[in-house]
Amino acid sequence: MQELTNDYLEEAIEDSRPYAANGDVNMNIPEYDETIKDHLGVSIITTNGECYAAGDTTQYVPMQSTSKIIGLMVALQDFGKDRVFQTVGMEPMGDFFNSISQLESYDTSKPFNPMINAGAIAVAALIKGKDVETRFERYMNFLRKITNHDQLEISEEVYKSEKANGARNRSLAYFMQSTGTLVTNVEEALDLYYRMNSVMMRCEDFARVGLFLAKGDYNPESDERLIPAHHLRTVKAIIMSSGMYNSSGHYAVEAGFPCKSGVSGSIIGTIPGNMGVGIVGPAIDEKGNSTAGGALIKKLSQDLELNMFGLENTDGR
Ligand code: GLN
């Protein structure tokens, strides 16, 4: 097995970087342009506290859909599993992450899962608080604790852009209001969703979210218990089955550990009991997953033997 070192990670980055050519940068993100297309960075933090990093790790990028993990954790704390999954399903979906048709064709008009846009908006609608500010503050407090990074902030530019380009998400939300899935204020749920998408993080922060999921339910810096452990199990299972949208099956086979992507090219990976992985590679494919980041995830899985379903060379007889 390959030993995990910074030199190895540098090599893995250079092997994976050419895959950026297969993707495109999401130009709705204000800070993004062609010059960052082949940026690629990775940070890995093990449950023993070892930190490794390589590539372009200093770039702050919006969380985008990686925020769906955090929103789900906050909602699970607020309402518990049964109530949350009355509002949103837990099944993978074969359509694109912002699909509308699935809302009408699926019997109960419940979004398939919390990792697609409709599901995440429905989850955001649940998060407790007297107004959007309070609800977002609760989200940020939790995020700052699990990343051990109290400087994390929203980008106002990204937030404005999310709002300005939010027609599809508004359609999803109002459709869900019409079917009774969304019972709280629709505009507030959308506003919270846009804010959650617009929080800026770098590779290390993404890795720390993965580490929190891998390691457990306590604040990394204190002994404060942040969330019941069984909720983390639920979240990891949902990420495994739906975190990479309609490529989730592919990543379950080729990586074999839970991964969640965002259209900023961010990926959070979590290897339970072992490590958290944070990747930023802004070029994404048509399904919304980082092309170079995806190649890197698969390489890491193979070289470091991270596939939880067994190793490539295992003789199964
Ligand atoms: N802001 C994007 C949206 O709402 C996030 C989607 C994503 O990262 N896949 O469509």
Side-chain angles (χ1 to χ4, degrees), residues 23-32 36 60-72 88 92-103 111-125 127 136 139 143 154-176 182 186-201 205-206 209 238-239 241-248 250-251 258-269 278-291 293-294 297:
D24 289 302
V25 175
N26 184 334
M27 292 299 183
N28 285 341
I29 298 175
E31 283 88 351
Y32 275 21
I36 58 160
Y60 277 81
V61 304
M63 291 189 80
Q64 296 293 353
S65 281
T66 60
S67 65
K68 293 175 164 92
I69 301 179
I70 315 297
L72 179 58
V88 63
M93 182 184 76
D95 296 332
F96 289 100
F97 63 81
N98 54 5
S99 157
I100 293 187
S101 61
Q102 54 93 20
L103 284 177
F112 266 81
N113 66 67
M115 298 293 117
I116 55 171
N117 288 14
I121 295 166
V123 166
I127 291 174
F136 183 57
Y139 172 93
L143 181 63
I154 193 174
S155 155
E156 288 297 329
E157 294 305 304
V158 175
Y159 169 62
K160 278 186 208 145
S161 165
E162 290 297 311
K163 258 186 156 163
N165 297 299
R168 176 68 77 103
N169 288 324
R170 295 162 83 92
S171 315
L172 292 169
Y174 280 98
F175 189 90
M176 289 191 289
L182 244 177
V186 179
E187 285 299 328
E188 284 193 9
L190 282 163
D191 195 32
L192 182 57
Y193 173 83
Y194 298 142
R195 291 185 198 213
M196 286 166 24
N197 275 251
S198 308
V199 175
M200 303 300 279
M201 304 219 298
D205 305 312
F206 291 113
V209 175
I238 296 286
I239 303 174
S241 51
S242 301
M244 303 296 276
Y245 316 116
N246 39 348
S247 287
S248 298
H250 173 81
Y251 280 92
C259 298
K260 179 74 202 93
S261 63
V263 292
S264 49
S266 46
I267 301 179
I268 291 171
I279 291 177
V280 172
I284 54 170
D285 63 19
E286 70 286 355
K287 294 180 178 171
N289 297 321
S290 170
T291 52
I297 281 278

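Counting starts at 1 for both ligands and their atoms, following the listed order. Index from 1, following the sequence.
- Of the possible donor and acceptor atoms, none in the side chain of Tyr251 sits under 3.5 Å from a partner among the backbone N and O of Cys259.
- Residue contact annotation: Tyr193 has a non-hydrogen atom under 4.0 Å from ligand 1.
- Selection from Ser65, Ser161, Ser264, Ser266 by nearest heavy atom to atom 8 (O) of ligand 1 gives Ser65.
- At a 4.0 Å heavy-atom cut-off, ligand 1 does not touch Thr66 at all.
- Nearest protein neighbour of atom 9 (N) of ligand 1, counting heavy atoms only, is Tyr245 OH, 2.5 Å.
- In terms of polar-atom proximity, defined here as any N/O pair under 3.5 Å, Val263 does make such a contact with ligand 1.
- For atom 2 (C) of ligand 1, the closest heavy atom belonging to the protein is Gln64 OE1, 3.3 Å.
- Atom numbering of ligand 1 starts at 1 in the shown order; those under 4.0 Å from a heavy atom of Asn169 are 3 (C), 4 (O), 10 (O).
- Between Lys68 and ligand 1, no N or O atom pair is found at a separation short of 3.5 Å.
- Of the listed residues (Leu190, Asn117, Val158), the one carrying the non-hydrogen atom nearest atom 10 (O) of ligand 1 is Asn117.
- Under the 4.0 angstrom criterion for non-hydrogen atoms, Asn98 is not in contact with ligand 1.
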>> One pair to check against salt bridge (charged side-chain N to carboxylate O under 4.0 Å, His left out): Arg195 and Glu162. What are the steps and the verdict?
In response: CA-CA 8 Å; Arg195 291 185 198 213; Glu162 290 297 311; over 6 Å; no
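- Short contacts between ligand 1 and Asn197, defined as distances under 4.0 Å to a heavy atom of the residue, involve ligand atoms 1 (N), 2 (C), 5 (C).
- Close contacts between ligand 1 and Gly262 involve ligand atoms 8 (O) [criterion: under 4.0 Å to a heavy atom].
- Checking only distances, Glu162 does come within under 3.5 Å of ligand 1, N or O to N or O.
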